[in-house]
Amino acid sequence: MRTAAGHKGESEIAGGPPRNQRGSRRSRRRDSRHPSVPRPDSKVAGDRGRSYHPGMATMSPLEELRHSAAHILATALLRLYPEAKLDIGPPTREGFYYDVELDHSLHAEDLERIEEEMRRVVKENQKFERFETTRAEAEELLRSLGQERFKLGRLADIPDDEAISFYRNGEFTDLCAGTHVPYTKKVKAFKLLQVAGAYHRGDENQPQLQRIYGTAFPTREELEAYLAHLEEARQRDHRRIGKDLHLFQIDEEVGQGLVLWTPEGGILRQELQDYIRGRLNQQGYAQVFTPHIGKLGLFRTSGHFPFYKDSQFPPVVEGEELHRLATEGCGCAELANRLEDGSVDGYLLKPMNCPMHIRLYAGRPHSYRSLPVRLAEFGTVYRWEQSGELNGLTRVRGFTQDDAHIFCTPDQLGGEIAGCLRLTREILETLGLDQYRVRLGLRDPDSDKYVGSAENWERAEAALTAAVEDLGFAYSAETGEAAFYGPKVDFVVEDALGREWQLGTVQVDYNLPERFDLAYTGADNQKHRPVMIHRAPFGSLERFTGVLIEHFAGNFPTWLAPEQVRLLPMNDELVPFAEELAADLRAEGFRVGVDGHADKLGAKIRRAETEKVPHMAVIGAREREAGRVSLRSRIRPDAPEQPTLEEFRAWLRGEVDSKRLPVRPEAEGKKA
RNA sequence: GCCGGAAUAGCUCAGCUGGUAGAGCAACGCAUUCGUAAUGCGUGGGUCGUCGGUUCGAAUCCGAUUUCCGGCUCCA
C-alpha cells in the first residue's frame with residue numbers, strides 16, 4: 001500500500017501481515033502514473049479474471065478508437081513479425097497497449113517501422129467485423145492462427161454464459177469482446193510511444209512479455225495536445241526541477257534512494273516542518289525524538305521482524321558478537337537463521353517509528369485523566385525498496401515521516417480522529433492541494449486477516465466514518481482497504497497535472513497496544529487498553545516535497561521559496577547599496593539575494609525568472625533617491641509597483657505570514 | 001527484483017561505419033554601467049560512469065558492473 005507518503009506501507013505505519021493487494025495495486029497504478037506513459041486503466045485493462053473482456057456495452061467511443069488502434073498495431077506487428085504471440089491489447093486511460101511475446105526485443109526504430117505499417121493498415125481501410133463462435137470453434141481458430149500460446153488461456157477465462165466473439169480486420173483475426181470502430185480509417189491520429197516489459201497476467205512468475213504502448217485520439221490536434229501535455233509534464237518533473245533549482249541530490253556514492261537535502265531544499269523542508277510543528281504544538285502534541293536504530297527484539301514484538309525482513313535493511317550485529325560467530329565458523333546463512341530465531345541479537349534501522357513511541361508511552365504509568373497522549377516526531381525510517389521502484393523523492397529508502405501516535409481511550413477516539421483529519425485538510429488546503437479525495441478503508445467482513453474484536457472494529461469504523469462525515473468530506477468507502485489492525489482514512493492528492501498521490505493517512509490501531517501490552521488506569525481503577533492512532537498528514541517530507549515541487553512547478557509561495565526576493569541593482573555602483581538593503585531585510589528574517597553580475601537589467605530579470613525567484617526588486621538611482629523599490633513579482637500580479645521600503649517590508653511580511661498561494665505566472669516559458 | 005533503454009564539461013546535448021573530444025548555457029577574466037526575460041570579447045573546464053576484452057589504435061566494437069530513465073512486479 002502506498003498511502004502515507006506512499007513509501008511502502010507508510011499507511012500501515014504499524015506494520016503487520018500482508019493485506020489484500022487488490023485495491024492497492026489499483027491505486028498504485030494511478031499513483032505512479034507518469035503522463036508520458038499510459039498505464040492500463042484497471043477498469044478496462046485489468047489483468048484479473050475476465051476484465052479484459054469489457055463487453056460491448058461498456059466501451060466509450062474513445063476506448064473503442066484506442067482498442068481499434070491496438071488491433072491495428074497487432075495487424076501491423078504480425079506482418080513484420082509473424083511469429084509474435086499475442087496476449088491482450090486493451091485501451092487504457094491515456095491510450096492503449098498490446099502485450100506480445102517475441103524473441104526479438106523491440107526498439108524505438110522497430111516502433112517506427114510498426115507505426116509505418118499501421119498507417120498502411122489504416123490506409124487499406126479494413127473493415128472491423130465481429131463474429132461469434134462456439135468454444136470448440138474458437139479453440140480451433142486460435143490454433144490455426146498460431147495464437148494458442150496466450151489466447152487459449154484468455155478464452156478459458158470467458159465464462160460459459162458469455163458469447164465468444166472474434167473481430168476480424170483484413171487478414172487479422174483476434175479473440176475479442178469488442179467493440180471497434182467500423183473501419184480502420186477511423187483511426188487517424190495515433191502514435192506508438194514506447195515498449196516496456198510486462199508480466200503475463202501481471203504475475204511475476206509468468207513469462208514477461210513486451211508491452212507496446214501507444215495512444216490514439218479522434219483528431220490530430222488532440223494527439224498533438226496530448227504530446228505537448230507530456231512535454232509539460234516532463235518539464236514539471238520534480239527530479240528535473242530539483243536539479244535545476246538545486247533542491248536535493250541523490251548521490252551514487254551515498255546510496256540509492258537516499259536523499260541529500262541541499263541548502264535550498266533544506267529551506268523548503270525546514271519551513272514545512274516549522275509550519276506543521278507549530279500546528280501540532282497548538283493541538284496538544286508533544287515533540288519527541290527517537291533514534292534511527294533499535295534492537296531487533298523491539299521489532300519482533302511489533303511484528304516487523306523477521307516477517308518483513310525483505311523490505312528492511314539487514315540487521316546490524318554487534319562487532320564482538322560477529323567476531324565470536326566468525327571464529328565459530330558461522331556462515332551467512334546460519335547467521336541469518338540465528339537472527340531470525342532470536343539466538344543472535346542485533347539492531348535494526350527502524351522501518352517505522354511506532355515501536356519507539358510505544359516504548360515512550362510505556363515508560364510511565366497513565367491514567368484516563370492523562371489521555372490522550374500525543375507523541376509527534378519527524379521520524380526518519382528506512383525501508384528496503386526494490387531498486388526498480390526507486391523514484392526521485394517519491395519513492396526512496398530513507399525518509400522522514402511527519403509522524404505522530406495518539407494513545408487514547410476508546411471514548412476519545414472519535415474526537416482525536418476528527419482532529420487528525422482536520423489538520424490534514426488544513427495542511428493540504430494551505431498548500432493549495434485542494435483536489436484531493438478521501439478514501440475510507442474498511443475491513444472486508446469475509447476475510448480473516450484482521451486482528452481485534454468485531455466490537456472494536458465496529459466502533460473504530462463508526463468513529464472514522466462519523467468523523468469523515470461530520471467534517472463534510474466527500475469520501476469513498478472501500479471495503480477491504482483497511483489495515484490489518486484497523487480502518488483508515490487516506491488522503492489521495494491530485495497534482496496540477498491530474499496525477500494522484502497518496503499522502504496523508506489516519507489509521508486506527510488496536511493491534512500494537514495489545515502486542516506491547518499497553519495500559520492505562522480507568523476511572524474504575526482497572527487496567528484498560530488504550531487505542532492508538534497513527535497519523536501523518538504529509539506522509540513523508542520527501543514524497544510530499546516531491547509532490548509539492550510538481551504542484552507548484554517550482555514556483556513556490558513566498559513562505560516556502562528558498563530565495564524570496566532578489567534585488568537587482570541597475571549597475572555596479574548600486575551593488576553596495578543593494579547589499580545593505582539586503583542585509584536589513586535578512587535581519588528581519590527574509591531570504592534575500594542580490595544579483596551583482598555586470599549585466600543589464602534584462603539579463604538579471606531573466607536570470608531571476610529562470611531561477612523562479614518569486615519577487616524581484618529593481619534598485620536604480622531613482623529608487624535610491626525616492627527610498628522605493630520597483631517591484632516585479634512572478635507570483636503576485638497585484639503586487640505594489642513602486643512601494644516605499646517600509647511598504648515593501650510590510651507587504652513582504654504579509655506575503656510570508658499569510659502563506660498566500662502563488663498566482664500562476666502565465667509567462668512561464670516566455671524565454672526563447 | 002524482471003524486461004528494455006541510457007550514461008560525453010556544472011546543465012542541455014552533438015560526436016556517421018574505430019584514428020587520442022565539440023557546441024550552447026553556466027563559471028571565470030576584461031571591456032561595457034545599461035530601466036523590466038539574454039551586452040561584447042576572451043579564458044579555463046572532460047582519464048567520454050567503472051573494470052576488463054578485441055584492435056597498431058576505443059567515447060565509438062564486445063563482456064561485466066554501477067547508477068539513472070520507462071514500464072512490470074513489489075510495497076508491513
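Each chain gets a letter, A, B and so on, in the order the sequences are listed, and its residues count up from 1.
- Between rC2(B) and Gln386(A), no contact under 4.0 Å exists linking OP1 or OP2 to a side-chain N or O.
- To the nearest whole angstrom, the two P atoms, one in rC3(B) and one in rU50(B), are 25 Å apart.
- In this structure, His597(A) places its NE2 atom 13 Å from C1' of rG29(B), rounding to the nearest Å.
- In this model, no side-chain donor or acceptor of Tyr199(A) finds a partner on the base of rG71(B) within 3.5 Å.
- Going from atom CG of Asp595(A) over to atom P of rA37(B) covers 14 Å, rounded to whole Å.
- Arg234(A) places its CZ atom 16 Å from the P atom of rC11(B), with the value rounded to the nearest Å.
- A sub-4.0 Å separation between OP1 or OP2 of rG70(B) and a side-chain N or O of Asn391(A) is present.
- Mapping Gln642(A) and Tyr382(A) onto RNA chain B by nearest heavy atom places Gln642(A) at the nucleotide closer to the 5' end.
- Interface remark: the Glu623(A) side chain does form a donor-acceptor pair with the rG35(B) base, using a distance-only criterion of under 3.5 Å.
- Below 30°, between 30° and 60°, or above 60°: for Phe150(A) and His200(A) the angle between ring planes is between 30° and 60°, a tilted geometry.
- Taking only side-chain atoms of Ile605(A), from C-beta outward, the nucleotide of rG70(B), rU36(B), rU39(B) with the closest atom is rU36(B).
- Under 4.0 Å is where a charged nitrogen must lie from a carboxylate oxygen, and between Lys612(A) and Glu609(A) no such pair does.
- Checking side-chain atoms of Arg543(A) against main-chain N and O of Val396(A) turns up no donor-acceptor pair under 3.5 Å.
- Among rG35(B), rU12(B), rA37(B), the nucleotide with an atom closest to any side-chain atom of Met570(A) is rG35(B).
- Comparing the same atom, C1', in rG45(B) and in rC28(B) gives a spacing of 10 Å after rounding to whole Å.
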Report, one pair per line, the protein and nucleotides 3-5 of chain B atoms (nitrogen or oxygen only) whose separation is under 3.5 Å.
unit_1 : atom_1 : unit_2    : atom_2 : d
rC3(B) : O4'    : Gln208(A) : OE1    : 2.6
rC3(B) : O2     : Gly197(A) : N      : 3.3
rG5(B) : OP1    : His107(A) : NE2    : 3.0

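- When each of rU33(B), rU39(B), rU36(B) is scored by its nearest atom to the side-chain atoms of Asn571(A), the top-ranked nucleotide is rU33(B).
- Positionally, the nearest nucleotide of RNA chain B for Ser387(A) lies more toward the 5' end than for the other of Ser387(A) and Gly620(A).
- At whole-Å resolution of the value, CG in Asp99(A) and P in rG71(B) are 15 Å apart.
- Under 4.0 angstrom from either OP1 or OP2 of rG35(B) there lies no side-chain N or O belonging to Arg622(A).
- Nearest to the side chain of Ser630(A), among rG71(B), rU36(B), rA37(B), sits rU36(B).
- Between Arg113(A) and Glu109(A) there is no salt bridge, since no side-chain N of the basic residue sits under 4.0 Å from a carboxylate O of the acidic one.
- Between His246(A) and Trp261(A), the gap from one ring centroid to the other reaches at least 6.0 Å.
- For rU47(B) and rA64(B), the P atoms lie 26 Å apart once the distance is rounded to whole Å.
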- In dot-bracket, 5' to 3', how would RNA chain B read with Watson-Crick or G-U wobble pairs under 3.5 Å, [ ] for crossing ones and | for pairs to another strand? (((((((..((((.....[..)))).(((((.......))))).....(((((..]....))))))))))))....
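- Taking the C1' atoms as reference points, rG5(B) lies 25 Å from rG22(B), given to the whole Å.
- An OP1 or OP2 oxygen of rU67(B) is reached within less than 4.0 angstrom by a side-chain nitrogen or oxygen of Gln256(A).
- Because its NZ or CZ atom is not both nearer than 6.0 Å to the ring centre of Phe305(A) and within 45° of the ring axis, Arg300(A) does not count as a cation-pi partner of that residue.
- Listed by first then second residue, pairs satisfying salt bridge (charged side-chain N to carboxylate O under 4.0 Å, His left out) with a partner in residues 242-257 of chain A read Arg240(A)-Asp244(A), not counting sequence neighbours.
- rC11(B) and rA27(B) have their C1' atoms separated by 12 Å, given to the nearest Å.
- Taking atom CZ on Arg240(A) and atom P on rG10(B), their separation rounds to 16 Å, with Å as the unit.
- If you check every strand for non-hydrogen atoms under 4.0 Å, Ala608(A) touches nothing.
- Look at the C1' atom in both rG71(B) and rG29(B): the space between them is 49 Å, to the nearest Å.
- Ion pairing between a basic and an acidic side chain is recognised when a charged N comes within 4.0 Å of a carboxylate O; Asp599(A) and Lys604(A) show no such pairing.
- Between the C1' atom of rC74(B) and the CD atom of Gln312(A) lies a distance of 15 Å, rounded to the nearest Å.
- For the P atoms, the distance linking rU8(B) with rC68(B) amounts to 14 Å, nearest Å.
- Donor-acceptor pairing under 3.5 Å is recorded for the side chains of Lys350(A) and Thr290(A).
- With a 4.5 Å cut-off on side-chain heavy atoms, Leu77(A) and Leu86(A) count as touching.
- Within the 4.0 angstrom heavy-atom criterion, base atoms lie near Ala621(A).
- Remark: Arg66(A) fails to qualify as a cation-pi partner of Phe96(A) under the 6.0 Å distance and 45° angle criteria applied to the six-membered ring.
- The distance between atom CD of Glu573(A) and atom P of rU32(B), rounded to the nearest whole Å, is 14 Å.
- As rounded to whole Å, 14 Å separates atom P of rG70(B) from atom CZ of Arg395(A).
- A sub-4.0 Å separation between OP1 or OP2 of rA37(B) and a side-chain N or O of Arg632(A) is present.
- Comparing the P positions of rG42(B) and rG24(B) gives an interatomic distance of 11 Å, to the nearest angstrom.
- Ring geometry for His292(A) versus Tyr382(A): interplanar angle of 30 to 60°, hence tilted.
- Among the atoms of the strands shown, base atoms are found under 4.0 Å from some heavy atom of Gly388(A).
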